[in-house]
Amino acid sequence: MYVAPELSEEAAEELTEAYMGMRKLGTGCNTITATPRQLESLIHLSEALAKMRLSKVVTLADVKEAVRLMKVAIHQAVTDPNTGLIGMDLRYHRMFSSEDQCPCRGNQGPLPHK
């Protein structure tokens with residue numbers, strides 16, 4: 001059986017609020033901001049959760065679980081598995097070679113690699 005769930009009004013409102021909340025958190029270089037791709041991912045996760053129940057409607061509970069899953073995934077992506085410390089800044093800065101300059105460090109040059 002194939003179902004193509006549609007967002008309920010309250011689910012759409014919760015998606016909007018969750019996405020805007022994620023956007024507000026990402027104000028500096030050392031933080032992760034939400035992009036339209038994350039919003040699309042939240043929508044797809046919410047729809048997938050509804051499909052697993054063979055539901056024609058994406059519920060508020062589906063959206064809340066999708067947001068929870070996204071937060072856990074982001075947290076795991078920025079946590080050093082050896083120390084347990086959150087280190088998004090180091091992961092971000094390692095993308096730049098010694099000749100390049102990290103956009104968020106101004107004229108200070110790249111961070112030294114440890």
Tell me which donor-acceptor pairs under 3.5 Å the side chains of residues 40-56 have, and how far apart each pair is, sequence neighbours excluded?
{"unit_1": "Ser41", "atom_1": "OG", "unit_2": "Arg37", "atom_2": "O", "d": "3.0"}
{"unit_1": "Ser46", "atom_1": "OG", "unit_2": "Leu42", "atom_2": "O", "d": "2.7"}
{"unit_1": "Arg53", "atom_1": "NH1", "unit_2": "Asp62", "atom_2": "OD1", "d": "2.5"}
{"unit_1": "Arg53", "atom_1": "NH1", "unit_2": "Asp62", "atom_2": "OD2", "d": "3.0"}
{"unit_1": "Arg53", "atom_1": "NH2", "unit_2": "Ser55", "atom_2": "OG", "d": "3.4"}
{"unit_1": "Ser55", "atom_1": "OG", "unit_2": "Val57", "atom_2": "N", "d": "3.1"}
{"unit_1": "Ser55", "atom_1": "OG", "unit_2": "Val57", "atom_2": "O", "d": "2.8"}

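Summarising the geometry, atom CG belonging to Leu7 is positioned 11.5 Å from atom CG belonging to Leu60; distances are rounded to the nearest 0.5 Å.
Partners of Glu65 by salt bridge (charged side-chain N to carboxylate O under 4.0 Å, His left out), not counting sequence neighbours, listed by chain and number: Arg68.
Counting all heavy atoms, side chain and backbone alike, Val58 lies closest to Ser8 at O-OG, 3.0 Å. Considering every non-hydrogen atom in both Gln38 and Met70, the closest pair reads O-CE, 3.5 Å.
Applying the side chain to side chain donor-acceptor pair (under 3.5 Å) test to pairs two or more places apart or on separate chains, none has a residue in residues 11-21.
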